[in-house]
Amino acid sequence: MDPQVLEDGRVRLRPTSVGDLAMARGLFTDPGFYEHWDGAPKADAEIVEKYLGARRPGVECFFVEVDGSVVGFTQYHAADDGDQGGGMDLVLLPQARGQGIGTAVVRLLVGHIQRTLLWCRITVDPEVDNERGVTFWSRVGFVRTRLVDGDERPPYWLMERRSHPI
Ligand SMILES: CC(C)(COP(=O)(O)OP(=O)(O)OC[C@H]1O[C@@H](n2cnc3c(N)ncnc32)[C@H](O)[C@@H]1OP(=O)(O)O)[C@@H](O)C(=O)NCCC(=O)NCCS
């Protein structure tokens, strides 16, 4: 199925494509963005390989647009454990935070996933130190299921949202 634009009022999720390298580079080399997305700026080759549609349909990536400007990035990815589920990630630029945009993004993306993929669970993995992130995911319906420590990353919460209307 072709990726589709998802929108609700001011907030629009636009699927990325190969022509979007300059726009994506602007996000993935901005410290306010990448501090929450792997912690370092990304080279063009990795952006093209991972974030501009090449991993479709297992991974779907979207720019978050508000009033026509790109203010963040979100993606969902199917789990490879054969279960009916997967994970999502979301980072907004600092100036776009705290205005309800993240809540609108989750509502759009979770609604789309539930309608089209019929997943019964969606997971997120905020770092324990990211209290704002953990609070946010709780507010939009995710519950902490496991603390993961000793991994390659700093400790993080595995949080899960089971299928129910958003
Ligand atoms: C986390 C993030 C996606 C939330 O999106 P947002 O648009 O800022 O969140 P919203 O405005 O929709 O707020 C929803 C709830 O999240 C929590 N929240 C949002 N910003 C917060 C802040 N600065 N401090 C504490 N809680 C906050 C609140 O509970 C809020 O509900 P309320 O407004 O009723 O109090 C966004 O702030 C962001 O990109 N942060 C940096 C990246 C990140 O942490 N991503 C998640 C990592 S897994």
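Every number for a ligand or one of its atoms is a count from 1 in the order of the listing. The analysis underlying the following values was restricted to heavy atoms, covering all of them including side chains, and did not include hydrogens, waters or symmetry mates. Quantities reported herein were computed from a predicted structural model and do not represent experimental measurements.
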Just verifying a value: how many Å separate [X] [atom1] and [Y] [atom2], rounded to the nearest 0.5 Å?
X: T145; Y: D125; atom1: OG1; atom2: CG; result: 10.5 Å
X: F62; Y: T16; atom1: CZ; atom2: OG1; result: 8.5 Å
X: E65; Y: I101; atom1: CD; atom2: CD1; result: 12.0 Å
X: I122; Y: Q114; atom1: CD1; atom2: CD; result: 5.5 Å

Flag [X] as yes when one of its N or O atoms lies below 3.5 Å from any N or O atom of ligand 1, and as no otherwise.
X: W137; value: no
X: G100; value: yes
X: Q99; value: yes
X: P126; value: no
X: V91; value: no
X: T103; value: yes
X: L92; value: yes

Which of the numbered atoms in ligand 1 are under 4.0 angstrom from any heavy atom belonging to T135? 29 (O)
Heavy-atom contacts with G98 under 4.0 Å: which atoms of ligand 1 show up? List them by number with element. 6 (P), 7 (O), 8 (O), 11 (O)
When the ring centroid of F28 is compared with that of Y51, is the distance short of 6.0 Å? yes
Return yes if some donor-acceptor pair links the side-chain N/O of [X] with the main-chain N/O of [Y] below 3.5 Å, else return no.
X: D30; Y: G32; result: yes
X: R97; Y: G102; result: no
X: T123; Y: M159; result: no

Checking a contact table here: which protein heavy atom is nearest [atom], and how many Å away?
atom: atom 36 (C) of ligand 1; answer: R97 CG, 3.7 Å
atom: atom 42 (C) of ligand 1; answer: H36 CG, 3.4 Å
atom: atom 7 (O) of ligand 1; answer: G102 N, 2.7 Å
atom: atom 24 (N) of ligand 1; answer: R132 CG, 3.4 Å
atom: atom 15 (C) of ligand 1; answer: F136 CD1, 4.0 Å
atom: atom 29 (O) of ligand 1; answer: R139 CG, 3.2 Å
atom: atom 3 (C) of ligand 1; answer: L90 CD2, 3.6 Å

Give the ring-plane orientation class for W137 versus F142, where under 30° counts as parallel, over 60° as perpendicular and anything between as tilted. perpendicular
Using heavy atoms and a 4.0 Å limit, tell me yes or no: is N130 in contact with ligand 1? yes
Decide whether V134 and L90 are clustered together by the hydrophobic rule: side chain heavy atoms of Ile, Leu, Val, Met, Phe, Trp, Tyr closer than 4.5 Å, transitively. yes
Can you check whether a protein heavy atom sits less than 4.0 angstrom from atom 19 (C) of ligand 1? no
Protein heavy-atom contact under 4.0 Å for atom 27 (C) of ligand 1? no
Are there over 12 heavy-atom neighbours, none belonging to Q95, within less than 6.0 Å of that residue's CD? yes
Ionic contact status for D44 with R25, cut-off 4.0 Å: yes
